[in-house]
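Here's the structure, in structure tokens; my notes come after.
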Amino acid sequence: MKIRNICHLALYTLAFAGVSCKPDEIQVATVSVQSVSVQPASATLKEGETLQLEAVISPKDATEKGVDWSSNNEKAAVVDAKGLVTALAPGAVSITVKTRDGGHSARCRITVKGPEDPGTDPGTDPGTNPGTNPTAYRTWEDTGATLPDYPTYNTVSTLADFPRIDITWEKETQRLAEGEYTWVDGTVRFRDPKGMYKTANEKDYETDSQVLQMRIRGRGNTSYDAEGGIKHSYKIKLADHRKVFGMKGDKDWMLVADVQDPSLLRNAVALRIARMVSMPWTPKYRAAEVYFNGKYGGCYLLVEAKEVDRENKVPITVVGPGETDGGYLLEIDNKGDYDRYFRTETFQKKIKFKDPDFGDRNNPDNSTDAQAQMAYITEYVNDVERLLKERSFDPETGYQSKLDLYTVIGNYIVHELTMNVDGGMRLSTYFAKDKDTKLFMPMVWDFDLSLGNCSYIGHDFNLDPGMDGPKGWFIKIRGGSFENGDWDGSRKSYYQYLFEDPLFVQALKERWNLVKPRLDKIPAFIDKMVEYNTLAYDHNVSGGKNPRANRSYYYPPDYFTNWSEAVAYMKDFYTERLAWLDQAINQL
């Protein structure tokens, strides 16, 4: 009896606790992960060395303690599933750990060093230390001097032979907020049946990559849902480095939709101009047809991702732990995504930290290193803007002591020549700095709304009558923040002050006259790109992926019934603008 009563008492106790007597139905309270950190938070390794990282999860009694590790620079160091880092080559790398419960993340910042520095040659002049002697700063080569008139591809005669990208996914990437999208797993296959992009000397060209594992997410801000969202842009991350369509092997690629551009050529033209004026880096690209789960998605540009790589991409080495004077990549962009940023004091520019990885606003890196590095580059940019506004034009003590004039002029030529609505230090504008450079402009990006593809430019930017077409200054006179009450860009910014400096104007004129004969070749480049891509462009229209090719979105009174008319309009706009700008610059 006593045993039976005890059993009954136990059952009553379990019932009041809300727990079933059946063993397989007992429910255990779940303890969620609240945060994670990495130990150590920073380290320096030599090539070949390894380091075991530890993920410290809080609270300690969290139910799900699973984490995933990743490296943002696998050329410098890789990390396995257990957090073991292997140093491969000199460079800076962020190792990220992310909890499976809650998606919390933390980073260890690692510098990989090469062989021991042999030391300074006793005969070396100590005054050539970068940052103290301007003559020691890196100089940029005129790489556009030998650029051919256009790339040489192998034209294909049927659409079935045109380069094709097949993407599969179980569900499409979802937009979380402006500029923020979910990553989804999937596969991708790159095919170029007739070797359209194969060069004569290329022996290891792949005409079929077979099926590759990858992750994919959306990219872009307003462009993502443009034209009713019929054609989105994406970022692809392959599981392994791979050469694609003859471009250098990499993991990260972008699919650019060009849905706002009825010619599908404006980004290609602008990037060609960037190569002609010798920007430090210009991403390579290839046109390809894209299919999603077997359904036609349109003709896209497959473009190299915007990344740091001193030898092959943005030419800097990211600043390492314990340093401040090193490599940084920044972006001016007033959009509201989650990147961490600072607001400049003088021109009120919203500048995002792209590299190093300081985390985002939900998972910030507030380590001592991160705080010191953010403070350093913020102060550096603020000094540049302050010197410009003070009209400090002395080359040795003024803004030129901190700002690289060569790249700033190259950037200006590309954006002014294309009359890019999003240029003028407004959006998608990149700055970089390395230990052996001043602040420089490494690349250009985002030209959908350029070369006349913007009917509202005159009204929104308060341009004088007749100055919203091929003739008239734009980047030279419009440089405001385009926010905080300055929507027409009338507030002075970088180029408005630069044009007050006689040395800048003279340098611009010299550079312009050097590259002008190259720029004369752009119409021939356009014709060649049309020849290569006509089959895919026609399909893009017939497949419903180019609505702007048959209705007026342009400067009146131009109307288009097909994409070839849109191309002709763009080419005429370019030719007229080149002639006007040539005269206007030489009259400064």
Side-chain angles (χ1 to χ4, degrees), residues 75 89-91 114 124-125 128-131 133-152 199 201 246-250 268-285 303-318 325-330 355 384 395 399-418 429-445 498 503-504 506-522 525 585:
K75 295 178 181 178
T124 301
D125 180 358
T128 59
N129 178 38
N133 183 349
T135 61
Y137 286 121
R138 199 187 323 171
T139 57
W140 309 104
E141 297 181 14
D142 186 13
T143 52
T146 57
L147 190 68
D149 293 357
Y150 44 78
T152 303
T199 61
N201 298 323
M247 295 184 285
K248 192 172 182 65
D250 209 337
V269 167
L271 293 176
R272 193 69 179 181
I273 295 171
R275 293 190 66 188
M276 288 176 169
V277 303
S278 304
M279 293 301 291
W281 178 64
T282 300
K284 296 182 177 64
Y285 55 84
V303 189
E304 290 182 314
K306 300 168 288 183
E307 297 174 318
V308 169
D309 181 342
R310 177 146 178 166
E311 299 302 322
N312 301 300
K313 291 190 174 183
V314 176
I316 63 173
T317 300
V318 177
D325 185 8
Y328 298 86
L329 179 62
L330 310 169
D355 263 307
V384 170
Y399 75 88
Q400 282 198 54
S401 66
K402 290 181 170 288
L403 182 65
D404 183 273
L405 213 55
Y406 184 86
T407 59
V408 170
I409 289 173
N411 179 80
Y412 172 78
I413 291 174
V414 180
H415 285 284
E416 187 72 272
L417 179 56
T418 58
T429 300
Y430 291 86
F431 283 112
K433 188 193 178 303
D434 211 343
K435 188 170 292 187
D436 61 345
T437 74
K438 306 172 188 178
L439 191 70
F440 70 97
M441 306 192 77
M443 58 172 288
V444 298
W445 187 255
L498 284 167
L503 294 177
F504 171 83
Q506 183 59 35
L508 169 62
K509 293 167 73 171
E510 292 174 359
R511 182 81 166 280
W512 174 263
N513 288 306
L514 172 69
V515 302
K516 169 61 168 56
R518 307 172 196 174
L519 302 174
D520 289 333
K521 300 175 182 179
I522 284 293
F525 168 81
I585 288 177

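Quick note: residue numbers are just sequence positions, from 1.
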TODO: Hey, could you give me each pair passing salt bridge (Lys or Arg N to Asp or Glu O under 4.0 Å) that has a residue in residues 507-517? Not counting sequence neighbours.
DONE: Lys516-Asp520

TODO: Please step through side chain to side chain contact (heavy atoms under 4.5 Å, CB included) for the pair Ile273 and Leu417, ending with a clear verdict.
DONE: CA-CA 9 Å; Ile273 295 171; Leu417 179 56; 4.0 Å; yes

Task: Residue list, side chain to side chain donor-acceptor pair (under 3.5 Å) with Ser278, at least two apart or on another chain - done: Asp142

Task: side chain to side chain contact (heavy atoms under 4.5 Å, CB included) between Leu405 and Phe504, intermediate numbers included - done: CA-CA 8 Å; Leu405 213 55; Phe504 171 83; 3.8 Å; yes

TODO: Grab the two heavy atoms, one from Pro283 and one from Val303, that are nearest each other, plus how far apart they are.
DONE: CB-CG1, 3.8 Å

Task: Minimum side-chain heavy-atom gap Asn411-Met279 below 4.5 Å - done: yes

- [ ] Supply the atom-to-atom distance Arg138 CZ to Lys438 NZ, rounded to the nearest 0.5 angstrom.
- [x] 13.5 Å

Open item on the list: Tell me the closest heavy-atom pair linking Asp434 and Asp325, and the distance in Å.
Closed with: O-OD1, 4.4 Å

Open item on the list: For the CG atom of Leu519 and the CE atom of Met276, what is their distance to the nearest 0.5 Å?
Closed with: 6.5 Å

Task: Between CG on residue Leu403 and OG1 on residue Thr437, distance to nearest 0.5 Å - done: 10.5 Å

- [ ] Would you indicate whether the side-chain heavy atoms of Ser401 and Tyr137 approach each other to under 4.5 Å?
- [x] no

Open item on the list: Could you walk me through whether Trp140 and Phe440 satisfy the side chain to side chain contact (heavy atoms under 4.5 Å, CB included) test, starting with their C-alpha distance in whole Å, then the side-chain angles of each, then the deciding distance to 0.1 Å, before giving a yes or no?
Closed with: CA-CA 11 Å; Trp140 309 104; Phe440 70 97; 3.7 Å; yes

Task: Sidechain N-carboxylate O distance under 4.0 Å for Arg518, Asp149 - done: no

Open item on the list: Suppose we screen for ring pair (Phe, Tyr, Trp, His ring centres under 6.0 Å). Which residues come up paired with Tyr412, at least two apart in sequence or across chains?
Closed with: Tyr495, Phe499

Open item on the list: For a salt bridge (Lys or Arg N to Asp or Glu O under 4.0 Å) check, start with the C-alpha distance between Lys248 and Asp309, then their side-chain angles and the critical distance, and finish with the verdict.
Closed with: CA-CA 12 Å; Lys248 192 172 182 65; Asp309 181 342; over 6 Å; no

TODO: Without swapping roles, check the side chain of Trp281 against the backbone of Asn312 for a donor-acceptor pair under 3.5 Å.
DONE: yes

Open item on the list: Here's a test for you: under side-chain contact (heavy atoms from CB on, under 4.5 Å), which of Thr407, Leu329, Thr282 qualifies with Pro442?
Closed with: Leu329

Task: Residue pair Leu503 / Gln400, side-chain heavy-atom distance below 4.5 Å - done: yes

Task: Check: Thr429 and Met441 side chains under 4.5 Å, non-hydrogen atoms - done: yes

TODO: Decide yes or no on side-chain hydrogen bond (donor to acceptor under 3.5 Å, both in side chains) for Tyr430 and Lys306, but give the supporting numbers first.
DONE: CA-CA 10 Å; Tyr430 291 86; Lys306 300 168 288 183; 2.8 Å; yes

Task: Pairwise side-chain contact, Lys435 with Ile316, heavy-atom cut-off 4.5 Å (strictly under) - done: no

TODO: Enter the distance from Lys284:NZ to Lys313:NZ here, rounded to the nearest 0.5 Å.
DONE: 9.5 Å

- [ ] Taking all heavy atoms of Ala270 and all of Val414, pick out the closest pair and write down the distance.
- [x] O-CG1, 3.9 Å

Open item on the list: Can you confirm whether Leu498 sits close enough to Tyr399 that some side-chain heavy atom of one is under 4.5 Å from a side-chain heavy atom of the other?
Closed with: yes

Task: Tyr285 and Leu271, any side-chain heavy atoms less than 4.5 Å apart - done: yes

Open item on the list: Measuring only between side-chain heavy atoms, which start at C-beta, is Ile522 closer than 4.5 Å to Arg272?
Closed with: yes

Open item on the list: Let's go through Asp250 and Glu307 carefully: what are the C-alpha distance in whole Å and the side-chain angles of both, what is the deciding distance for side chain to side chain contact (heavy atoms under 4.5 Å, CB included) to 0.1 Å, and is it a yes or a no?
Closed with: CA-CA 11 Å; Asp250 209 337; Glu307 297 174 318; 3.3 Å; yes

Task: Atom pair CD1/CG of Ile413 and Leu508 - distance to nearest 0.5 Å - done: 5.5 Å

Open item on the list: To the nearest 0.5 Å, what is the distance between CG on Asp404 and CG on Leu439?
Closed with: 8.5 Å

